[in-house]
Amino acid sequence: MLVALLTDFGLTDTYVGVMQAIIADLAPGVALVNLTHAVPPQDVAAGAWHLAVAAPYLPAEAVVLAVVDPGVGTARRPIAVQLGARRFVAPDNGLLTRVLAQAPALAAVVLDNPAWWLQGPQTSATFHGRDIFAPVAGRLARGQPLAEAGSALAPADLVRLALPEPTWEGDILVAQVIHSDHFGNLITDIGPDLAPRLFAAPAVTAQIGQHVVRERAATFGAGPTDAPFWYLDSSGHAAIAWRDGSAARHLGVAVGAQVRVRW
Amino acid sequence: MLVALLTDFGLTDTYVGVMQAIIADLAPGVALVNLTHAVPPQDVAAGAWHLAVAAPYLPAEAVVLAVVDPGVGTARRPIAVQLGARRFVAPDNGLLTRVLAQAPALAAVVLDNPAWWLQGPQTSATFHGRDIFAPVAGRLARGQPLAEAGSALAPADLVRLALPEPTWEGDILVAQVIHSDHFGNLITDIGPDLAPRLFAAPAVTAQIGQHVVRERAATFGAGPTDAPFWYLDSSGHAAIAWRDGSAARHLGVAVGAQVRVRW
Amino acid sequence: MLVALLTDFGLTDTYVGVMQAIIADLAPGVALVNLTHAVPPQDVAAGAWHLAVAAPYLPAEAVVLAVVDPGVGTARRPIAVQLGARRFVAPDNGLLTRVLAQAPALAAVVLDNPAWWLQGPQTSATFHGRDIFAPVAGRLARGQPLAEAGSALAPADLVRLALPEPTWEGDILVAQVIHSDHFGNLITDIGPDLAPRLFAAPAVTAQIGQHVVRERAATFGAGPTDAPFWYLDSSGHAAIAWRDGSAARHLGVAVGAQVRVRW
């Protein structure tokens with residue numbers, strides 16, 4: 001059994017390690033995998049992106065613990081959701097929006113059964129990752145049934161974010177950068193539906209910041225050495241790279257930047 | 001069995017990974033959990049804080065490997081200490097000060113049995129984490145008895161740091177910031193003894209840097225949007241936050257900053 | 001069984017976590033250890049250094065997954081190499097240069113057997129870590145034989161980098177800084193062959209940047225408090241430190257800096 005963790009907690013505190021220790025104690029022998037803990041603080045949309053990129057590659061029965069939770073302790077609900085055989089434990093604030101678009105939710109519960117929470121010290125109002133989400137993930141990982149974690153919830157009622165999607169202005173596709181990765185690759189919201197057309201078109205002209213991107217390459221090594229170029233990111237999205245460098249830095253743009261594409 | 005690691009080694013070198021590989025080789029099946037490796041270099045007091053925040057949430061029989069060790073290779077002693085069923089492996093430089101205040105030490109040894117050290121290459125003078133502490137943690141994790149790791153030591157003789165504690169100047173409580181976390185929350189040395197009084201008082205006025213903190217909130221989401229506020233941190237300490245932002249950055253203060261509180 | 005991972009992927013994306021999940025799914029019960037993922041982007045030589053420092057301390061039968069791969073998707077070959085009982089999975093771009101100098105390669109294969117790759121979605125051109133290297137590492141970790149991963153390759157034909165080595169100009173040893181670690185220690189290419197002579201000589205004078213380094217110390221704690229000093233790094237290389245501080249910052253130098261040594 002594998003538990004994958006994703007948060008905006010960073011790695012400078014012991015927050016993530018404590019959650020892992022609680023899970024390992026409840027589910028001995030579990031494999032603990034960090035997806036990332038560098039989601040920008042409180043950026044639910046960025047967390048939703050990272051979850052969706054990783055989820056298809058997780059074991060079919062994995063438990064995913066995802067916490068980007070500016071509303072911790074308020075009325076937002078802590079939830080667990082089953083998608084296929086995978087279980088996601090998270091706040092109900094839209095963090096699951098993109099994974100909910102990948103597969104239908106088979107079941108969902110509000111985590112309102114205190115017997116599943118951390119036993120011992122009082123539940124804090126500010127660290128549900130430790131006091132609620134990690135213990136629930138640990139119990140699911142050791143085989144306790146989702147239905148016992150709390151009250152049933154209609155999957156249709158889960159909070160969903162409005163996601164950025166490219167729009168057409170005449171023959172111009174107005175897209176945006178939705179992620180800038182560790183290498184400075186700029187991943188756009190031109191997804192698996194439209195990206196193949198961008199790469200199949202005879203020619204492409206894209207405006208981003210003060211720059212024009214015309215080149216396309218199948219690999220980083222095949223890209224031009226002095227210009228930005230399009231490539232098909234491993235997420236299935238069209239993305240802009242700069243060979244042996246950072247497109248984000250060369251082009252001076254960040255997440256949210258508009259890309260106007262004509263092909 | 002779980003081994004939790006805490007160091008100031010960072011994650012840019014292979015230092016932590018090598019320690020984990022040594023432990024995993026000695027204790028197959030062990031769960032390895034990183035508490036944090038971002039303790040500021042050589043900051044023993046910061047390491048002591050992180051250890052104490054995490055320790056109560058570790059499995060009852062965990063082994064904790066803690067290395068913040070500016071005196072590596074000098075006369076400072078490498079030690080292992082048993083607190084309850086948990087074993088801590090560390091340099092004897094005060095790093096265990098706060099966990100020693102949480103529970104009485106049942107036994108302590110100096111790690112002077114070379115048969116427990118890394119076998120093979122010569123023991124280095126500068127990386128006892130690899131050559132002494134990790135092998136000892138691995139042997140404890142696989143069940144070898146603490147008493148065989150070296151010569152017995154009186155727990156009362158372990159090095160302890162003088163810890164910051166708030167003091168009263170008339171009716172003003174003079175406290176200080178002892179940790180600034182990943183979110184910029186400012187955690188003070190107003191601990192479980194005094195913090196409840198701060199939150200129960202009819203009104204609070206606190207001076208920190210050029211700012212006054214009067215508001216109190218039970219959760220981040222309930223805090224004011226344009227002012228700093230007090231909340232009860234999950235460590236049991238009174239702390240200052242800025243909603244959807246970093247109190248450290250908004251207030252322009254860091255660890256060590258004085259907080260003058262009146263209630 | 002242990003799989004150790006080293007990449008330039010960073011920890012801000014889910015790239016490393018996805019690779020770990022794929023390995024854990026193929027080889028249940030495997031121990032996953034991160035050596036480092038902070039190799040500077042595309043810096044194959046830096047990755048080679050880190051691998052060589054860590055490799056001698058890994059379990060005899062470990063699998064090592066190493067990806068620093070600017071040529072991903074181009075003609076550079078994905079390979080697996082057996083050194084002793086250890087197996088290294090990597091691109092054939094010189095990343096294994098230093099470990100190949102530590103032990104003779106017993107076998108090598110090109111990873112051209114698609115049955116060993118990630119099954120399901122199409123293999124991407126830009127993330128072989130996920131689509132080829134991780135599945136191969138997982139299969140090796142669960143005991144599938146190296147020879148079935150692809151076509152045999154003569155170890156002598158593996159790509160090797162030209163490594164920096166100190167040279168003599170008369171009685172001056174011209175060395176260079178090959179790594180600046182998390183603490184700002186400056187590790188030079190004066191390795192196990194020459195380093196003992198530097199420490200045994202009656203006196204040493206070294207020029208680095210605008211500074212002269214004369215002192216030598218057995219431990220950090222024995223070094224001078226207001227000057228840089230030589231110490232024998234745990235990698236067996238001569239290195240320059242600044243007590244309770246960063247030599248890199250104090251001396252204002254970085255990787256590649258020349259060090260002119262006379263003894």
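What's counted below: heavy atoms across the whole structure, side chains too, no hydrogens, waters or symmetry copies. All chains are named by letter (A, B, ...) in the order of the sequence lines, taking the proteins before the strands, and each is independently numbered beginning at 1. This is a predicted model, so every value here is computed, not measured.
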- line: Ranked by heavy-atom pairs below 4.5 Å to chain B, first place among C:P56, C:A62, C:A54 goes to C:A54
field: Heavy-atom pair with the smallest gap, counting every atom of C:H182 and B:T12
entry: CB-OG1, 3.8 Å
- prompt: Can you name the nearest heavy-atom pair linking C:T219 to B:V72, along with the distance?
  reply: CB-O, 3.5 Å
query: Which pairs pass ring pair (Phe, Tyr, Trp, His ring centres under 6.0 Å) with one or both residues in residues 4-24 of chain C, sequence neighbours excluded?
result: C:F9-C:F127, C:Y15-C:F127
- prompt: Heavy-atom distance under 4.5 Å to chain B: side chain of C:L5, backbone, both or neither?
  reply: neither
For the student: nearest non-hydrogen atoms of C:A222 and B:T74, plus distance: N-CG2, 4.4 Å
query: Atom CD1 in B:I23, atom CG in C:L2: separation rounded to 0.5 Å?
result: 11.5 Å
message: Given heavy-atom pairs under 4.5 angstrom as the criterion, report whether the side chain, backbone, both or neither of B:S124 touches chain C.
response: side chain
statement: Scanning both residues in full, the closest heavy-atom pair of C:S234 with B:T126 reads N-OG1, 3.7 Å
message: I'd like to know whether CD of B:E61 has more than 12 heavy-atom contacts from other residues, nucleotides or ligands below 6.0 angstrom.
response: no
- request: Give every residue pair that meets the side-chain hydrogen bond (donor to acceptor under 3.5 Å, both in side chains) criterion with at least one member in residues 78-101 of chain B, sequence neighbours excluded.
  value: B:R77-B:D92
Residues of residues 28-50 of chain B near chain C, each having a heavy atom less than 4.5 Å away: B:L32, B:P41, B:Q42
field: Heavy atoms from other residues, nucleotides or ligands near CD of C:Q102 exceed 12 (cutoff 6.0 Å)
entry: yes
query: So, for B:D8 and C:F183, which heavy atoms are closest and what is the spacing to 0.1 Å?
result: O-CZ, 3.2 Å
Contacts of C:W242 that satisfy ring pair (Phe, Tyr, Trp, His ring centres under 6.0 Å) - sequence neighbours left out: C:H250
task: Side chain from CB out, backbone as N, CA, C, O: work out which of these in B:R76 comes under 4.5 Å of a heavy atom of chain C, or both, or neither.
output: neither
